[in-house]
2 protein chains.
Amino acid sequence: MLTLSEINNKVKEYFAAETFTGIPRQLYEPIDYTLAQGGKRIRPAMLLAATQMFGGDLETARYAAIGIETFHNFTLLHDDLMDQSPMRRGKPTVYRKWDENTAILSGDAMNILAWRYFLRTPHHNLHRILQTFEKTSMEICEGQQYDMNFETQNDVTIEEYMEMIRLKTAVMLGGALKIGALYADAPDNDIELLYDFGIKIGLAFQLRDDLLDVYGDTATFGKQTCTDIRDNKKTFLLLSAIKKASQQQKERLQNLFAVSPNDTTAKVNEVIDIYNALNIRHDVEKAINNLHNEALSKLGLISQPESDKAPLYELTKQLLNRQI
Amino acid sequence: MLTLSEINNKVKEYFAAETFTGIPRQLYEPIDYTLAQGGKRIRPAMLLAATQMFGGDLETARYAAIGIETFHNFTLLHDDLMDQSPMRRGKPTVYRKWDENTAILSGDAMNILAWRYFLRTPHHNLHRILQTFEKTSMEICEGQQYDMNFETQNDVTIEEYMEMIRLKTAVMLGGALKIGALYADAPDNDIELLYDFGIKIGLAFQLRDDLLDVYGDTATFGKQTCTDIRDNKKTFLLLSAIKKASQQQKERLQNLFAVSPNDTTAKVNEVIDIYNALNIRHDVEKAINNLHNEALSKLGLISQPESDKAPLYELTKQLLNRQI
């Protein structure tokens with residue numbers, strides 16, 4: 001039984017053994033560049049932890065783990081282009097380092113490369129595994145479209161927001177776990193519980209991300225705080241505040257999120273003052289805790305010894321207990 | 001045994017039975033718009049003709065036929081964005097009708113949708129079918145990258161050009177035929193011959209496209225002639241001319257293909273004069289005939305009755321005997 005840290009090392013080892021170069025080099029260099037930048041590689045670790053939990057051989061799921069991370073990185077590559085984000089993981093994004101057409105085409109090739117990895121190992125569950133991967137991939141596109149729609153949609157509800165982050169973020173965690181379980185022939189009931197666990201964790205993770213943007217400590221979190229406010233992004237914090245606000249506060253928030261001043265200090269401070277007055281931090285923490293507890297209860301119901309679930313408990317802890 | 005025309009009707013019927021709409025509509029409308037525009041649907045017809053030739057049930061290959069056309073249309077959608085082409089099949093391209101981000105994301109979803117169709121019907125050869133589809137898809141990206149590289153590469157050889165069009169155009173015809181044959185459990189040797197037939201037809205088709213741009217009749221071909229010359233595109237005609245030209249003619253061609261005058265009449269006329277002086281039309285027609293004959297000889301070697309190959313002979317005739 002591998003610990004989470006040993007699973008993470010396995011993922012590193014799997015990636016280190018791959019070559020993402022090829023010809024024409026103009027197509028493959030951006031893929032290699034993107035996949036060499038690492039990141040937390042949460043999805044392949046989850047996938048392998050699920051395989052292990054049900055007694056599967058990690059090697060059977062090896063290329064699916066690489067495939068799912070390749071797909072995830074493809075979505076980041078195209079999202080960065082669509083959002084015109086200049087930097088990712090401290091380095092220039094592909095469309096900045098090369099150009100937009102390179103980002104489009106190399107991304108397309110990465111999407112296909114993910115399938116190549118999934119097809120590398122035959123498995124009697126392969127058809128179901130690929131259907132899970134396909135459904136998850138499509139839902140991520142749907143989530144990204146909702147996210148783009150929200151930029152100009154002024155009446156986004158909390159329910160719509162939760163559905164957007166379910167599609168954009170959570171299904172990929174649920175999907176990775178389900179795929180890992182399919183490699184180990186897990187029972188359908190357990191697969192469903194595991195998928196739901198992944199969804200709840202994914203939702204909680206995104207809400208925590210929203211929270212940390214405003215209430216996180218830059219030194220430990222490493223992210224510039226309040227970028228969501230500066231970028232007028234509709235987050236769980238803003239939508240919760242609007243729902244709870246007085247008419248006057250609501251109008252003030254809507255006005256503040258409609259402008260982009262050069263110096264954002266006053267704007268950021270005023271938004272945080274309203275959030276504080278409405279006790280939004282407490283509401284978001286409560287929502288995260290609820291999702292966290294629901295996730296743990298799903299994991300607890302799975303018909304495997306608790307000791308075999310240890311890496312997933314550990315991963316949950318790491319994902320949700322980041323310094324605030 | 002269906003005739004080619006009956007197979008084409010089958011393809012139409014299959015597409016008419018599908019719905020490409022969905023939510024969020026902003027994601028699916030451009031997919032529906034793209035797939036509703038028709039086009040010749042050569043690839044699904046080839047796929048089904050191959051299935052039929054080996055005695056397979058067309059219904060088993062139904063969704064693969066839709067899948068391959070969906071993928072082909074996805075590549076057109078992203079190519080139009082990368083090339084900044086305003087029109088396709090007489091209508092505004094997706095990035096023009098909507099915007100660039102819509103074109104990127106809807107294209108990504110179409111790429112995934114192609115896989116959804118391929119996964120719709122289980123088949124004992126599905127793993128091999130999907131590997132063929134994946135390899136073909138990736139090669140098309142490679143071909144598109146070479147095509148983009150050639151825009152700024154001044155020493156493109158005829159061999160490099162043939163490899164580019166093999167990847168960008170021909171492998172999808174070979175791939176469609178191979179996939180169709182796999183649905184009918186065709187023998188490996190026949191599959192290889194059929195794939196090679198598709199490659200040769202694809203290469204000949206592209207050379208004919210290059211030829212028709214300069215020597216075609218607008219009335220029957222429906223395409224503005226000499227756009228390749230106006231766009232300074234490196235075609236088989238130009239590369240053949242450069243290879244054969246005197247030093248003086250070569251320099252003149254290189255200069256003419258380095259400028260973009262507002263009035264292109266004089267430029268086009270001078271290029272055509274050089275092509276005529278070098279007898280390029282004859283050379284290209286010879287190359288097309290050679291490929292055509294090689295293709296027919298591959299098809300002839302396949303271990304099925306000639307009568308069962310009739311739709312593919314007919315398709316070849318239609319593809320290569322367009323008015324010139």
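Lettering of chains follows the sequences in order, A, B, ..., and the numbering in each one begins at 1. Note: hydrogens, waters and symmetry copies are ignored here, and every other heavy atom, side chains too, is used.
Of all non-hydrogen atoms in A:M138 and B:A109, the two that sit nearest each other are CE-O, 3.4 Å.
Heavy-atom distances place the side chain of A:L126, and not its backbone, under 4.5 Å from chain B. Residue B:I140 does not touch chain A at all, counting heavy-atom pairs closer than 4.5 Å. Both the backbone and the side chain of A:D108 come within contact range of chain B, with heavy atoms under 4.5 Å apart. With a threshold of 4.5 angstrom between heavy atoms, A:F133 does not approach chain B through any atom at all. Of the two parts of A:L113, the backbone and the side chain both hold a non-hydrogen atom closer than 4.5 Å to a non-hydrogen atom of chain B. When heavy atoms are compared at a cutoff of 4.5 Å, A:F118 does not approach chain B at all.
Each of A:K135, A:Q144, A:R120 has some count of heavy-atom pairs under 4.5 Å with chain B, and the biggest count is that of A:Q144. Annotation: maximal heavy-atom pairing with chain B below 4.5 Å, among A:I23, A:T102, A:L81, occurs at A:I23. When the candidates A:N101, A:I104, A:N111 are compared by the number of heavy-atom contacts under 4.5 Å with chain B, A:N101 comes out ahead.
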- request: Could you walk me through whether B:Y28 and A:E142 pass side-chain hydrogen bond (donor to acceptor under 3.5 Å, both in side chains), step by step?
  value: CA-CA 9 Å; B:Y28 288 98; A:E142 291 170 358; 2.4 Å; yes
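Remark: the backbone N or O of A:L119 is paired with a side-chain donor or acceptor of B:H127 at under 3.5 angstrom.
The line from SG of A:C141 to CD1 of B:I112 is 3.5 Å long, rounded to the nearest 0.5 Å. Between the CD atom of A:E134 and the CZ atom of B:R116 there is a distance of 4.0 Å, given to the nearest 0.5 Å.
At most 12 non-hydrogen atoms from other residues, nucleotides or ligands lie less than 6.0 angstrom from CD of B:E192.
A:Y146 and B:Q26 share no donor-acceptor pair across their side chains, judged by distance under 3.5 Å alone.
Side chains of A:L105 and B:H78 form no contact here, defined as non-hydrogen atoms less than 4.5 Å apart.
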